[in-house]
Amino acid sequence: MNLLQVENIYEEFPPILGEDDVIALDTELSGLKEEQLHRPHGKLASLAGSFDGKNAYIIFDDAQIQEFLDRCSKATWIFHNSTFDLAHLRRWATIPERKNMRDTMLIEKLLYSNYYDDFALADLVRRYLKCYMSKETRKEFHNLEGAMSPDQIKYAALDVIGTWLVDKEQQKIVEPQDMKIWNGMYNPHVWTALELGGFNLDVEAWTRLAEKNQAIVSQAEDELGQLYGHMDKKFVGRGKAKAEVDYFVPFNPASPQQVLELFRSNGIDTESTGDKEVSKFADNPIVRKILDYRIAAKRVNTYGLPYLQYVEPDGKIYTSLNISQAETGRDSSSAPPLQNILKDIEYRKCFIAGKGRKLTIYDYSGQELNEVAYVTQDPKLIEIVNSGKNAYIEIARMSFNEIVEKGNPRYIIIKGLVLGTCYGLTPYGLARDNNVSQEVAEEMYKIFFDDFQVLAAWVKDQQKFNRGITKTILGRKGGLHPYNAQWKNNALNNPFQGSGGDMIKLAMKAFRNTDMYKQYYPTRDVYMVIQVHDELIINWREDLAEGGAKVHASCMNDVANRMHPGIISRVSGGICDNWSEKG
DNA sequence: GACGAGGGCGCC
DNA sequence: AAAGGGCGCCCTCGTC
């Protein structure tokens with residue numbers, strides 16, 4: 001395979017470009033912390049551009065960025081992973097919002113989500129150009145002090161050459177529908193994600209929770225360590241002084257191997273020590289102790305003091321919202337993660353609006369089931385979700401002749417059955433997870449599918465054969481790999497999860513287009529905080545929250561109602577001082 | 001000591 | 001034979 005080539009590297013501004021020009025841009029920074037690439041830190045190493053796929057223009061001084069970009073302002077901009085570049089370039093230049101922008105990484109995900117696993121520029125260069133790109137030089141940027149070496153300059157130049165050429169090839173194969181989705185959803189969403197304004201964290205309260213759980217963990221470790229440890233022998237000393245001594249090895253409750261051994265030696269017949277597997281033994285005091293230990297250990301290790309490293313001098317944490325990270329097209333959040341914070345009220349209380357501020361927090365009610373109803377067009381399910389009543393209580397009443405209450409065991413198993421059938425859950429899995437017999441689970445399946453025949457037919461059809469592709473409600477594609485044994489489950493789940501991913505992106509975009517947002521965002525009297533798949537959190541100057549809440553809720557509902565006509569969208573939530581007030 | 005797979009569990 | 005989807009991040013454990 002050939003190496004990617006660059007003809008000339010000009011260490012100067014590019015010429016002034018016109019509307020028909022296409023320029024690939026790439027920013028290199030030095031002194032970056034790997035996990036915090038989305039935060040404004042590090043120094044500019046270079047800004048490079050290429051508008052012909054042969055020659056590169058490169059500058060090294062951040063004071064020159066504005067002029068460099070101004071010269072390209074009319075052209076179409078191409079990035080590979082634009083969120084990174086735009087977040088940093090905006091530190092040094094004013095960049096007006098633009099429609100003529102493409103991102104080779106995100107467009108590749110539009111084309112080949114769940115088909116390819118790799119979306120780095122080098123992977124695209126290999127696939128589209130049959131060329132090889134060295135990754136070696138890139139690592140050295142992080143420690144760069146002083147001027148870039150000739151190799152590094154060449155690397156930066158090759159990045160834009162590769163991006164420009166890949167975009168050209170990509171544009172030959174994208175369909176109008178793909179670019180419609182890009183322009184309507186992804187392109188603006190890049191900007192939306194950049195504008196997440198951070199979440200205020202109550203550090204004192206968080207610290208108290210960490211300390212409380214640390215005490216539980218320490219006590220459990222001592223107790224379990226002594227109770228279930230064992231004696232071992234080892235040699236100490238050398239030569240004549242060498243001697244074998246006995247010593248005590250404490251039991252480590254964090255070790256799956258040791259826990260499994262302990263369970264088995266106490267007559268607990270299990271293959272795995274995971275909480276789902278051993279839930280039926282939860283009455284056993286040893287099992288209970290381990291499970292309790294794990295809950296506290298999770299709070300200490302994942303949601304304890306280490307989490308505070310992400311609090312910045314202004315008292316806020318700024319997550320990285322990774323656009324379309326999931327194969328289904330959902331976003332993910334990392335460093336710090338904000339989409340998997342404990343639901344526990346004491347923890348949610350730590351995420352606060354701040355002085356003189358309010359949060360509006362809304363989530364879609366029964367979003368997933370609404371999508372199931374729309375996609376399958378099951379008339380009975382449509383009627384139930386549109387009734388506004390709790391769908392699982394209704395299904396229990398109508399199909400199973402049972403009166404259940406939210407949260408009781410029958411409610412949980414029926415909810416599991418209804419949602420699970422749309423993820424590929426089998427009677428075996430339903431029986432295992434809910435501690436009922438397989439016969440009972442099979443009977444429940446039969447009743448449900450007999451009652452919702454249109455849904456059942458849809459499930460059957462999706463799994464009839466591997467079509468190689470799934471589509472969201474908007475027509476966004478997801479691959480079904482022919483050799484992945486999970487394809488039957490993905491064939492069911494992708495349309496629902498993917499449509500949800502599309503919906504929240506569009507809601508964020510719609511919110512940015514409101515008058516209130518346009519008026520008050522520039523002064524940060526309003527800003528988005530985080531999106532959690534079916535939930536959106538927005539921070540307001542206190543006096544704006546009342547009107548803002550209406551705008552927030554209607555943006556979400558309008559998007560959903562446009563996406564699935566015939567299904568009535570509802571959101572729940574309101575104005576809050578902290579995240580705990582809306583569960 | 002670094003790395004990656006795997007178990008486990010937090011959220012949707 | 002396996003047995004519900006998507007993530008991020010912690011720990012252990014085997015390997016280099």
Side-chain angles (χ1 to χ4, degrees), chain A residues 35 113-114 217 221 252-260 270-279 290-307 309-310 319-344 347-348 351 363-364 366-369 371-372 415-434 438 441-442 445 459 462-463 470 478 480 484-501 503-504 530-536 579 583:
Chain A
E35 287 208 336
S113 183
N114 210 13
V217 167
E221 276 171 350
N252 180 2
S255 161
Q257 279 176 13
Q258 293 183 33
V259 171
L260 187 61
T270 180
E271 291 296 317
S272 143
T273 71
D275 65 348
K276 278 206 161 170
E277 284 294 327
V278 299
S279 61
I290 294 290
L291 294 181
D292 286 346
Y293 160 81
R294 282 190 186 148
I295 290 168
K298 183 84 173 172
R299 292 174 177 219
V300 168
N301 296 326
T302 306
Y303 304 104
L305 297 179
Y307 197 87
Q309 70 181 292
Y310 293 110
T319 192
S320 176
L321 192 73
N322 313 308
I323 296 172
S324 208
Q325 176 69 25
E327 289 177 346
T328 54
R330 264 193 189 174
D331 295 347
S332 82
S333 156
S334 61
L338 263 176
Q339 291 177 326
N340 56 3
I341 296 298
L342 297 156
K343 294 270 293 185
D344 185 307
Y347 280 83
R348 293 284 171 119
F351 294 84
D363 68 355
Y364 286 111
Q367 184 202 41
E368 194 141 36
L369 202 59
E371 289 165 27
V372 172
K415 184 176 177 182
L417 168 74
V418 174
L419 286 180
T421 49
C422 298
Y423 298 167
L425 182 68
T426 59
Y428 172 91
L430 187 71
R432 179 198 58 194
D433 294 350
N434 294 279
Q438 185 142 351
E442 277 168 10
Y445 260 70
V459 167
Q462 282 296 100
Q463 300 190 321
T470 60
L480 282 182
N484 186 339
Q486 296 301 311
W487 78 263
K488 283 192 172 183
N489 296 335
N490 296 129
L492 299 182
N493 183 249
N494 284 11
F496 306 132
Q497 191 181 121
S499 297
M503 190 185 291
I504 199 76
I530 185 60
Q531 162 259 99
V532 195
H533 310 307
D534 69 347
E535 173 182 12
L536 182 60
W579 204 354

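Chain naming here is simple, since letters A, B, ... match the order of the sequence lines and numbering starts at 1 in each.
Taking atom CG of residue Leu492(A) and atom P of nucleotide dG5(C), one finds them 10 Å apart after rounding to whole Å. Residue Asp363(A) contributes atom CG, which lies 15 Å from atom P of dC11(B) at whole-angstrom precision. One atom, OH of Tyr364(A), and another, P of dC12(B), lie 16 Å apart when rounded to the nearest Å. Atom C1' of nucleotide dG8(C) and atom CG of Leu342(A) are separated by 13 Å, given to the nearest angstrom. What separates CG of Asn322(A) from C1' of dC7(C) is a distance of 10 Å, to the nearest Å.
For Ser334(A), taking side-chain heavy atoms from C-beta onward, the closest of the listed nucleotides dC12(B), dG5(C), dG8(C) is dG8(C). Taking every side-chain heavy atom of Ala254(A) into account, dC11(C) is the closest of dC11(B), dG8(B), dC11(C). The side chain of Arg294(A) lies closest to dG8(B) when the candidates are dG8(B), dG6(C), dT12(C). Nearest to the side-chain atoms of Thr426(A) among the listed nucleotides dA3(C), dG8(C), dG8(B) stands dA3(C). The side chain of Lys298(A) has dC9(B) as its nearest neighbour among dC9(B), dC10(C), dA3(C). Closest to the side chain of Pro337(A), from the set dC9(C), dC11(C), dG10(B), is dC9(C).
Using a 4.0 Å heavy-atom criterion, one finds that Thr421(A) contacts no nucleic acid atom at all. Using a 4.0 Å heavy-atom criterion, one finds that Gly416(A) contacts the bases of the nucleic acid, with or without backbone contacts as well. Asn490(A) comes within 4.0 angstrom of the backbone, heavy atoms only, and of no base. Residue Asp331(A) is out of contact with every strand shown, counting any heavy-atom pair closer than 4.0 Å. Within 4.0 Å of Glu368(A), counting heavy atoms only, lies no atom of the nucleic acid at all. When heavy atoms are screened at a 4.0 angstrom cut-off, Gly420(A) is found touching base atoms of the nucleic acid. Residue Arg299(A) is classed as having no contact, given no heavy-atom separation below 4.0 Å to the nucleic acid. Nucleic acid contact for Ala335(A): sugar-phosphate only, since backbone atoms but no base atoms lie under 4.0 Å from a heavy atom of the residue. Nucleic acid contact class of Gln367(A) (heavy atoms, under 4.0 Å, all strands): none.
For Gln497(A) against dG5(C), a side-chain-to-base donor-acceptor contact under 3.5 Å is present. At a cut-off of 3.5 angstrom, counting only N and O atoms as typed in the model, there is no donor on one side facing an acceptor on the other between the side-chain of Lys343(A) and the base of dC11(B). The base of dG5(C) lies outside donor-acceptor range of the side chain of Lys488(A), with no N or O pair under 3.5 Å.
Judged by distance alone, with hydrogens and angles left aside, the side-chain atoms of Thr421(A) form a donor-acceptor pair with the main-chain N or O of Val418(A) at under 3.5 Å.
Side-chain N/O atoms of Thr328(A) and Gln497(A) include a donor and acceptor closer than 3.5 Å. Side-chain contact annotation: Asn490(A) with Gln486(A), donor-acceptor N/O pair under 3.5 Å absent. Glu368(A) and Tyr423(A) are linked by a side-chain donor-acceptor pair at a separation below 3.5 angstrom, with hydrogens and angles left out of the test.
A pairwise comparison of heavy atoms in Asp331(A) and Leu321(A) identifies OD2-CD2, 3.7 Å as the closest pair. Across every non-hydrogen atom of Asp275(A) and Arg294(A), the tightest pair is N-NH1, 4.5 Å.
Regarding contacts with the backbone of dG7(B), every side-chain N or O of Thr273(A) stays at 4.0 angstrom or more from both OP1 and OP2. Distances shown here put every side-chain N or O of Arg348(A) at or beyond 4.0 Å from the OP1 or OP2 atom of dC11(B). Close to dG5(C), at under 4.0 Å from its OP1 or OP2, lies a side-chain N or O of Gln486(A). When the side-chain nitrogen and oxygen atoms of Ser272(A) are compared with OP1 and OP2 of dG8(B), one or more of them lie within a distance under 4.0 Å. Put simply, Asn340(A) has no side-chain N or O that comes within less than 4.0 Å of OP1 or OP2 on dG8(C). Phosphate proximity of dC13(C) to Gln257(A): present, with a side-chain N or O under 4.0 Å from OP1 or OP2. For Asn252(A) and dT12(C), the shortest distance from a side-chain N or O to OP1 or OP2 is below 4.0 Å. Phosphate contact (OP1/OP2 of dG8(C), side-chain N/O of Ser332(A), threshold under 4.0 Å): present.
With P as the reference atom, dG7(B) and dA2(C) are 13 Å apart, rounded to whole Å. Rounded to whole Å, the separation between the C1' atoms of dG8(B) and dA1(C) comes to 24 Å.
Of the nucleotides present, dC10(C) is the one that pairs with dG7(B) by Watson-Crick or G-U wobble criteria, both distances under 3.5 Å. Nucleotide dA3(C): unpaired (no Watson-Crick or G-U wobble partner with both distances less than 3.5 Å).
Aromatic ring orientation, Tyr303(A) versus Tyr307(A): tilted (interplanar angle from 30° to 60°).
Residue-nucleotide stacking is not present for Tyr423(A) and dG4(C), judged by a side-chain ring centre under 5.5 Å from the six-membered base ring centre and planes under 30° apart.
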